[in-house]
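Each chain gets a letter, A, B and so on, in the order the sequences are listed, and its residues count up from 1.
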Amino acid sequence: MRLSQLFFTTLRDDPSDAEMPSHRLLTRAGYVRQLGAGLYSLLPLGFRVTQRVEQVIREEINAIGGQEMEMPVNHPADLWRESGRYDAIGNEMVRFKDRAGRDMVIAMTHEEVVADLLRDIVKSYRQLPLIVYHFQTKFRDEPRSRGGLIRVREFVMKDSYSCDRDEAGLDAAYWAHHGAYTRIFERLGLDAIPVSSDVGMMGGSLAHEFMVLNPYGEDRLVLCEACGYAANQQVAPTTAPEPPADDELPVEEVATPDTTTIDALARFLGIDASRTAKAAFFVTGDGRFVVAIVRGDYDVNETKLVNAIKATGGLRPAQVEEITARGMQPGYGSPIGARDAVVVVDSLAARSRNLVAGANKPGVHLRNVNVPRDYTPDVITDIASVREGDPCPQCGGTVILRNGIEVGNIFKLGTKYTEALGAEYLGEDGERHPIVMGSYGIGLGRNVACVVEAHHDDKGIAWPAEVAPYAAHLVALGGNRDPHVVEVADRLHDAAKAAGDRHEILYDDRDESPGVKFTDAELLGMPWILTVSPRSLAAGGVEVTNRATGEKQVRAVDDVEAFLTGRVPTPA
RNA sequence: CGGGGCGUGGCGCAACGGUGGCGCACGUGCUUUGGGAGCACGAGGCUGUGGGUUCGAAUCCCACCGCCCCGACCA
């Protein structure tokens with residue numbers, strides 16, 4: 001591809017609204033352009049990278065038996081009513097009516113369509129197992145997109161679906177995907193860590209997210225360097241040391257003016273935060289009022305809380321009036337004297353003796369509050385978030401917390417969708433059984449951005465060869481003084497092109513100064529930069545630079561051509 | 001949806017009550033050609049939209065729209 005013809009432009013200055021390196025560089029180098037919040041155009045270079053990523057995924061999913069297909073973006077709403085998600089999902093799903101007035105949705109994912117196809121097509125156990133997948137546009141009207149391509153509203157996702165006779169089949173398909181994902185991310189040059197994760201609104205029994213560590217990541221990960229334990233903080237169990245088994249002392253009021261936070265309270269009383277009980281107030285999507293109690297040195301983990309009380313529709317923070325209406329006082333709250341509230345107490349807080357808790361009166365706390373002597377929990381379970389430095393739940397070592405970006409996920413769905421839609425098969429036993437499903441996603445654009453996050457320097461991008469949009473970047477200098485330069489450059493460009501799409505190179509044939517050409521080559525990030533000039537020819541051929549390492553050497557034109565056409569693996 | 005910030009040629013910025021400028025990019029010509037070259041000439045803007053204050057608004061006020069960041073949310 002001749003650079004003089006390519007639909008792109010590079011920018012000298014960083015776009016003012018880009019913070020992440022991937023966003024900055026992909027925009028500056030002419031790979032993407034933003035259309036609106038969470039909406040990006042892929043320019044030809046960006047599209048080629050995405051196709052490379054797509055091809056890696058395709059090869060690995062095919063290798064575990066996946067069959068590629070394509071399902072629609074727009075669905076009849078009735079299908080989503082059958083699964084119950086039409087009402088369960090909030091306004092991140094776009095709904096509209098078609099010209100006939102039929103309710104429609106823009107798909108966020110495709111479990112319903114797959115289940116609908118299964119009930120139509122699969123009749124017998126002989127037709128299972130199956131893995132089907134597609135690359136398809138999703139639209140999710142995120143309340144807030146961010147980080148360039150990291151969190152967008154419209155994106156292409158590889159979503160695959162395993163369809164099995166039973167739990168054992170699902171287990172095999174699940175771990176087959178786990179292996180395929182491991183190979184995919186390795187080929188993309190990403191250090192992705194599988195972490196156990198919440199199943200969220202997908203439902204199901206087991207889920208992993210593949211995470212790459214990144215300071216801009218939206219997820220908090222609990223990691224143990226000693227044993228390799230890795231989990232999303234949303235689900236990582238807390239394992240604090242057992243609190244002392246002190247005798248229960250009598251409750252007493254203590255005046256604590258202006259201590260509406262745990263910090264202020266602990267400082268005022270001169271005690272450690274672990275000697276206090278923290279109350280948080282929520283309302284569930286199904287209208288229940290919840291008081292959550294954790295020890296003062298921990299935070300409430302909303303995911304665990306949602307799961308503990310099966311809060312359909314999630315949680316929102318309670319308003320002040322909702323709290324006081326139930327006999328509690330924000331800032332000085334506890335379940336003592338609470339009415340019409342579901343009381344959920346963290347197991348560690350429940351085991352800790354003689355905590356300081358709110359008295360539900362402004363400026364007053366209670367010493368020596370104990371569960372269940374002083375109030376009755378509805379649920380006692382783990383609802384606290386693991387902190388950095390806590391013991392590892394697996395080996396007892398010390399965990400660290402890091403931010404991560406989710407580059408892929410795998411879910412055991414079970415029969416949630418097939419039962420709802422009646423997707424059954426006739427078994428060997430002559431009985432009808434629901435088909436057992438799994439669902440597995442990888443977002444393309446986010447992976448492209450993560451590759452840049454992992455492979456760049458202060459000059460620009462340095463693509464791994466597997467995903468580079470072009471195999472090399474040919475810089476021709478002094479062509480107007482020396483026709484031999486043009487002759488050699490043209491020959492290399494044509495030979496690479498003739499060797500096939502994977503071998504094609506970018507050829508900077510523009511009438512630009514050497515500085516501009518080198519700077520752009522480093523910004524664009526092809527794995528090899530080939531310089532042809534009177535000087536390089538005098539030195540014996542073509543200067544070959546490894547973009548990632550900066551190593552340079554001059555190679556004979558024939559050697560370079562052998563590399564570009566795939567006859568030898570590397571130019572060096 | 002709450003909090004904060006910002007909307008001025010393609011990009012980055014200035015002008016902060018008195019007829020909108022700079023750098024880069026862009027076009028033409030000449031010179032230049034191994035690290036974002038030089039000179040000359042030139043093109044490009046209802047200052048996001050609407051209202052208000054004022055003799056006069058890019059500038060002050062109000063509303064709306066858009067974008068970014070933090071939080072809420074996140075299959």
Side-chain angles (χ1 to χ4, degrees), chain A residues 8-20 23-24 27-28 30 33-39 80 83 85 88-93 107-112 138-148 150-153 155 157 159 197-204 207 209 216-219 232 234 282 285 302-303 306 313-317 319 405-406 408-411 413 416-417 439-443 446 459-460 475-482 485 508 510-523 529 531-539 543 545 552 554:
Chain A
F8 92 123
T9 187
T10 56
L11 304 173
R12 281 200 191 197
D13 298 309
D14 283 332
S16 61
D17 57 1
E19 293 203 349
M20 287 185 72
H23 188 196
R24 263 179 23 230
T27 303
R28 272 190 56 204
R33 279 293 181 276
Q34 182 171 14
L35 178 63
L39 303 172
W80 286 72
S83 71
R85 288 162 115 189
I89 295 175
N91 45 19
E92 60 267 30
M93 181 160 73
M108 307 198 307
T109 174
H110 284 77
E111 283 79 12
E112 279 82 356
K138 312 291 188 235
F139 189 86
R140 300 177 179 182
D141 196 1
E142 297 288 345
R144 186 180 155 215
S145 51
R146 73 186 91 185
I150 294 298
R151 186 162 207 82
V152 295
R153 297 194 297 165
F155 59 100
M157 181 184 229
D159 39 328
S197 67
D198 187 52
V199 295
M201 70 171 309
M202 298 294 290
E209 293 162 338
Y216 293 90
E218 304 176 280
D219 288 278
N232 196 306
Q234 293 177 329
F282 301 94
E302 289 191 32
T303 303
V306 163
L315 297 170
R316 64 165 172 83
Q319 320 253 312
I405 299 172
E406 181 185 344
N409 57 41
I410 55 180
F411 285 93
L413 293 177
K416 172 178 171 175
Y417 296 93
S439 117
Y440 316 88
I442 298 179
R446 181 181 288 188
K459 292 176 175 171
V475 174
L477 300 177
N480 51 358
R481 282 171 300 147
D482 185 352
V485 167
D508 193 346
R510 298 174 302 174
D511 182 23
E512 290 287 356
S513 70
V516 170
K517 292 188 177 190
F518 285 130
T519 307
D520 277 350
E522 283 156 346
L523 177 61
I529 297 170
T531 308
V532 182
S533 67
R535 186 194 292 185
S536 79
L537 293 173
E543 185 179 85
T545 307
K552 294 181 187 191
V554 176

Taking the [atom1] atom in each of [N] and [M], what is the distance between them to the nearest angstrom?
| N | M | atom1 | answer |
| --- | --- | --- | --- |
| B:U49 | B:C11 | P | 15 Å |
| B:U8 | B:C67 | P | 14 Å |
| B:G23 | B:A63 | P | 38 Å |
| B:G3 | B:C62 | P | 15 Å |
| B:A15 | B:C60 | P | 12 Å |
| B:G9 | B:G42 | C1' | 15 Å |
| B:G66 | B:U54 | C1' | 29 Å |
| B:U47 | B:A58 | P | 7 Å |

Self-check item: Given RNA chain B, 5'-ward residue of the pair A:L35 and A:E142, judged by closest heavy atom
Solution: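 Closest to the 5' end, via its nearest nucleotide, is A:L35.
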Quiz item: When the nearest nucleotide of RNA chain B is assigned to A:E302 and to A:E19 on a heavy-atom basis, which residue is associated with the more 5' position?
Solution: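 In this pair, the answer is A:E19.
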Any [X] side-chain heavy atom under 4.5 Å of [Y] side chain:
| X | Y | result |
| --- | --- | --- |
| A:K138 | A:H110 | yes |
| A:M157 | A:I442 | no |
| A:S439 | A:D159 | no |

Paired with [N]: which nucleotide, if any, by Watson-Crick or G-U wobble criteria at under 3.5 Å for both distances?
| N | result |
| --- | --- |
| B:C1 | B:G71 |
| B:G50 | B:C62 |
| B:C39 | B:G29 |
| B:C22 | B:G12 |
| B:G17 | none |

Give [X] one of three labels, base, sugar-phosphate or nothing, depending on what nucleic acid heavy atoms sit under 4.0 Å from its own.
| X | answer |
| --- | --- |
| A:G441 | nothing |
| A:G147 | sugar-phosphate |
| A:S145 | sugar-phosphate |

Quiz item: Just to confirm, is there a sub-4.0 Å distance from OP1 or OP2 of B:C68 to any side-chain nitrogen or oxygen of A:Q34?
Solution: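 Yes, within the criterion.
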Quiz item: What are the two closest heavy atoms between A:E543 and A:S536, and how far apart are they?
Solution: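 For A:E543 and A:S536, the tightest heavy-atom pair comes out as N-CB, 4.1 Å.
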With 3.5 Å as the limit, what N/O pairs link the protein to nucleotides 28-34 of chain B?
residue	atom	partner	partner atom	Å
B:U33	O2'	A:R481	NH2	2.8
B:U33	O4	A:N480	ND2	2.7
B:G34	O2'	A:R535	NH1	3.1
B:G34	O2'	A:R535	NH2	2.4
B:G34	N7	A:S533	OG	2.9
B:G34	O6	A:S533	OG	2.3
B:G34	O6	A:S536	N	3.4
B:G34	N2	A:E543	OE1	2.7
B:G34	N2	A:E543	OE2	3.2

Exercise. Give, for atom CG of A:L39 and atom CZ of A:F139, the distance between the pair rounded to the nearest 0.5 Å.
Key: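 Here the interatomic distance stands at 6.0 Å.
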Exercise. Go through the N and O atoms of the side chain of A:R28 and the base of B:G36, and report whether any donor-acceptor pair is under 3.5 Å.
Key: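 Indeed, a donor on one side and an acceptor on the other fall under 3.5 Å apart.
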Quiz prompt | CA sep, side-chain torsions, deciding dist, call: A:R85, A:Y417, side-chain hydrogen bond (donor to acceptor under 3.5 Å, both in side chains) | solution = CA-CA 10 Å; A:R85 288 162 115 189; A:Y417 296 93; 3.1 Å; yes
Sub-3.5 Å pairs of nitrogen or oxygen atoms, protein against nucleotides 8-12 of chain B:
residue	atom	partner	partner atom	Å
B:G12	OP1	A:S16	N	3.0
B:G12	OP1	A:S16	OG	3.2

